Each structure stands twice: as structure tokens, then as C-alpha cells.
There are 2 protein chains.
Amino acid sequence: MRKQAAEQLSEYLSGQGLKSTRQRDDVLNAFVSAGRHLSAEELYLLVKKSNPGIGYATVYRTLKLLAEAGLADERRFEDGFTRYEYNASDGHHDHLICTRCGKIIEFENERIEQLQQDVARKNRFKVQSHKLELYGLCSDCQGQRK
Amino acid sequence: MRKQAAEQLSEYLSGQGLKSTRQRDDVLNAFVSAGRHLSAEELYLLVKKSNPGIGYATVYRTLKLLAEAGLADERRFEDGFTRYEYNASDGHHDHLICTRCGKIIEFENERIEQLQQDVARKNRFKVQSHKLELYGLCSDCQGQRK
DNA sequence: TTGATATTGAAATCCGTTTTCAATATGACC
DNA sequence: GGTCATATTGAAAACGGATTTCAATATCAA
């Protein structure tokens, strides 16, 4: 059974001798309720709604913290900047990314994962993590012109 | 039958109304003979050997040009900066990347590609390109301590 | 050879991210 | 509650890879 996000964070904080703050709570709340694949910038704008005084740097720092605490996953797609995804601990998944509208669709495919392991084994390679991204046009964008 | 790199570049240049220059030749030569997965910085240092006056910006610009001409592929791994790979036009491949020593092993797996197409089809998604990277430890690095 | 224009190198700039630093907040201890 | 060491904050500066600017230079069609 998965812990509540707030609880998971405070356990991590106290375990590391770190402190709870209003800002960290605000960032976590915005992050959890916003959904997935947020850039730091996007999250910053969201957090500002509940806490207009929040600083840019604090959002960046807290995002790193959430990643360390296991609450967020850092991902870099081809658009250049880092995005964060909530709660990847309930199983790995990969992404379909629309190059026109930016929509991100998640998927899982056990068979592909197995084949990856086969490839790794043949190369005597021990996999720690992997990344599979399919770039293209989502159904909404296929009919559209540029 | 694949064209020579130099020929392919000059065809692209004249086709676009661009000019041949000593610098472009030097960058191309260094790029082709150096092997794969070079960062702009690495290539810059290489080109300097044959043309010490070469500028940083020229290497960046030429690398972009080679990518447009179809001679190079741009790739971003997790280490932050862009690398270029020669001659990907003879078939797609993916990468095993050692997180300890940085070694990059290429592989192809037709079955995985098929399964990716299946996933895309199910999501009514039209794939333009994809990226599959397995991060982990190569055989040389598995026995080593940090 | 000429002349329009593409290209170059150096330096400035860009932009996402990280770090610095002085002011402030937190929380363990009394 | 009060004290105090120290973690945290926001603003601004710094960072680092990549790109752009600009005046000087090279290219190439005529």
C-alpha cells in the first residue's frame, strides 16, 4: 500500500535531518494535484497561485528533493528541458510524444521490456534503467497541416 | 550504393545555394574518421589538430549542417550535451550506455521495432522517430567498485 | 576581376538550471 | 515559551552548453 505523498516527504526529510517548510508543502501539493510531466517553469507558475512569494530556485530545489525522496522522476525529452513526473514507483512506463502539440501518452509493454533484457544479456550488460520514447503525431494532429 | 560523404555534402551545399569551404571539409573529415558519438567539443578539439584556427561556432554550425544534409544524427543522452553520430542512414539502431565508463554500444532489434509499431497503432499514433536507450554497467565495469 | 552574398572567428548572448549570500524560519533542547 | 545552531529561502549572480551577432573575409557566378 502506497504512502501518502505528504507523509512520504516528511519521512524523507526527517530521515535526512532536513526541515519541513511551507514552501516544500506548497510545491508538493501543486505537483501532486497538477498531474504529470511538468517542467520546473510550469510548476513555478502553478505554485505561485497558492504562494505568490515562492522563488524560482525553491521550486528547482524542491523538485530535486522530491526526486531524491522517490516522489518524482526526472525526465529529459528532446524539447530541451527537464520535466518531472509524479509517482513513477508503481511501475515503469514509456512515452509516446506528439511532436506537434506536445501531448505525452504513457504506455507499458512487458514484451518489449523482456526483449531489452535479452539484448542486454547478449552484450553482457547489466541494465539499471532505460528510456523508450516514440516521437510522432497523435491522432488529433495527423490531419492538421503545419 | 552509398555516396561518399564529401560528395554528399557538396551536393547538399550546392543544392541549397551554400558554399564549400576549407572549414566545412575539415570538420567533415574529422567527423567521419573519428568514429561515432562525438560531442561538438570533442570534435572541435579534433579539428583543431588539422586546422588550429577553426572556431568553436563553426564546428557547431557545421554539425547542424551535416545533420540537415543527412550525414549526421543528433542525439541527446542523459549526460546533458548533444552528441553527433555519423551516417545513421544505413538503418536505425539503439544504444546501451554504460553509466560508469561512458561506453556506448549500438544494437538493432527488429522485434522491438515491430512491437513499438504495435503500441503506436493501438494509440492511433504515427511514429516519426524513436529513441531507446538502456543505461547500466558494461561487462568491464560490473566487477569494479565505485 | 568584380561584386553580391555566404562564411568565418571572437565575443556577446541566450536560456534552462544551479549556486551564492545575507536574511529568515525551523526544530531540538532547555 | 525562549535560545540557538543550522537548514531554508528569495533575489540575483553565475554556470555551461549552444546559438547569435557582427565586422572582416572567402566563395563563386557572371
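Order of the sequence lines sets the chain letters (A, B, ...), proteins ahead of strands, with each chain counted from 1. Please read all numbers here as calculations on a predicted model, not as lab measurements.
Contact between B/Asp79 and B/Arg83 at its shortest, heavy atoms only, is OD2-NH2, 3.1 Å. The heavy-atom pair separating A/Glu42 from A/Ser39 by the smallest distance is OE1-N, 2.7 Å. Smallest separation of non-hydrogen atoms from B/Phe125 and A/Cys98: CZ-N, 3.8 Å.
Taking atom CD of B/Glu78 as the reference point, atom C1' of D/dG17 lies 16 Å away to the nearest angstrom. Distance CG (B/Asp26) to C1' (D/dA26): 14 Å, rounded to an integer number of Å. Between the C1' atom of D/dT27 and the CD atom of B/Gln23 lies a distance of 11 Å, rounded to the nearest Å.
Residue pairs meeting the side chain to side chain donor-acceptor pair (under 3.5 Å) criterion with at least one member in residues 14-23 of chain B, sequence neighbours excluded: B/Arg22-B/Asp26.
At the heavy-atom level, B/Thr82 lies under 4.0 Å from the strands shown only through sugar-phosphate atoms.
You can see that DNA chain C meets the heavy atoms of chain A within a 4.0 Å-exclusive cut from C/dG16 to C/dG27, reading 5' to 3'.
Under a hydrophobic clustering in which Ile, Leu, Val, Met, Phe, Trp and Tyr are joined whenever their side-chain heavy atoms come within less than 4.5 Å, directly or via other members, A/Ile112 and A/Ile104 fall into different clusters. Criterion: ILVMFWY side-chain heavy atoms under 4.5 Å apart, direct or through other members. Under it, B/Ile54 and B/Leu45 are part of a common hydrophobic cluster. A/Phe107 and A/Tyr135 fall into different hydrophobic clusters, where Ile, Leu, Val, Met, Phe, Trp and Tyr are joined by side-chain heavy atoms under 4.5 Å apart, directly or via other members.
Comparing the local axis fitted to the first five base pairs of the helix from C/dT1-D/dA30 to C/dC30-D/dG1 with the one fitted to its last five gives a bend of 30°, rounded to 10°.
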Quiz prompt | Residues B/Lys64, B/Glu74; criterion side chain to side chain contact (heavy atoms under 4.5 Å, CB included); working and verdict | solution = CA-CA 8 Å; B/Lys64 289 246 169 247; B/Glu74 235 178 15; 2.7 Å; yes

Could you list all N or O pairs between the protein and nucleotides 28-30 of chain D that sit under 3.5 Å apart?
unit_1: D/dC28; atom_1: OP1; unit_2: B/Ser20; atom_2: N; d: 3.2

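Each of B/Tyr84, B/Tyr60, B/Tyr56 was compared with B/Tyr44 under the ring pair (Phe, Tyr, Trp, His ring centres under 6.0 Å) criterion, and only B/Tyr56 meets it.
For the salt bridge (charged side-chain N to carboxylate O under 4.0 Å, His left out) test, residues two or more places apart in sequence or in another chain that qualify with B/Lys103 are B/Asp140.
Between B/His37 and B/Phe77, the two ring planes are tilted [angle within 30° to 60°].
Side-chain atoms of B/Gln142 come within 3.5 Å of backbone atoms of B/Leu137 as a donor-acceptor pair (strictly under, hydrogens ignored). No side-chain donor-acceptor contact under 3.5 Å links A/Thr62 to the backbone of A/Val59.
Map A/Thr62 and B/Lys64 each onto its nearest nucleotide of DNA chain D; the residue landing nearer the 5' end is A/Thr62.
Listed by residue number, the members of residues 45-61 of chain B with any heavy atom below 4.0 angstrom from DNA chain C are B/Gly53, B/Ile54, B/Gly55, B/Ala57, B/Thr58, B/Arg61.
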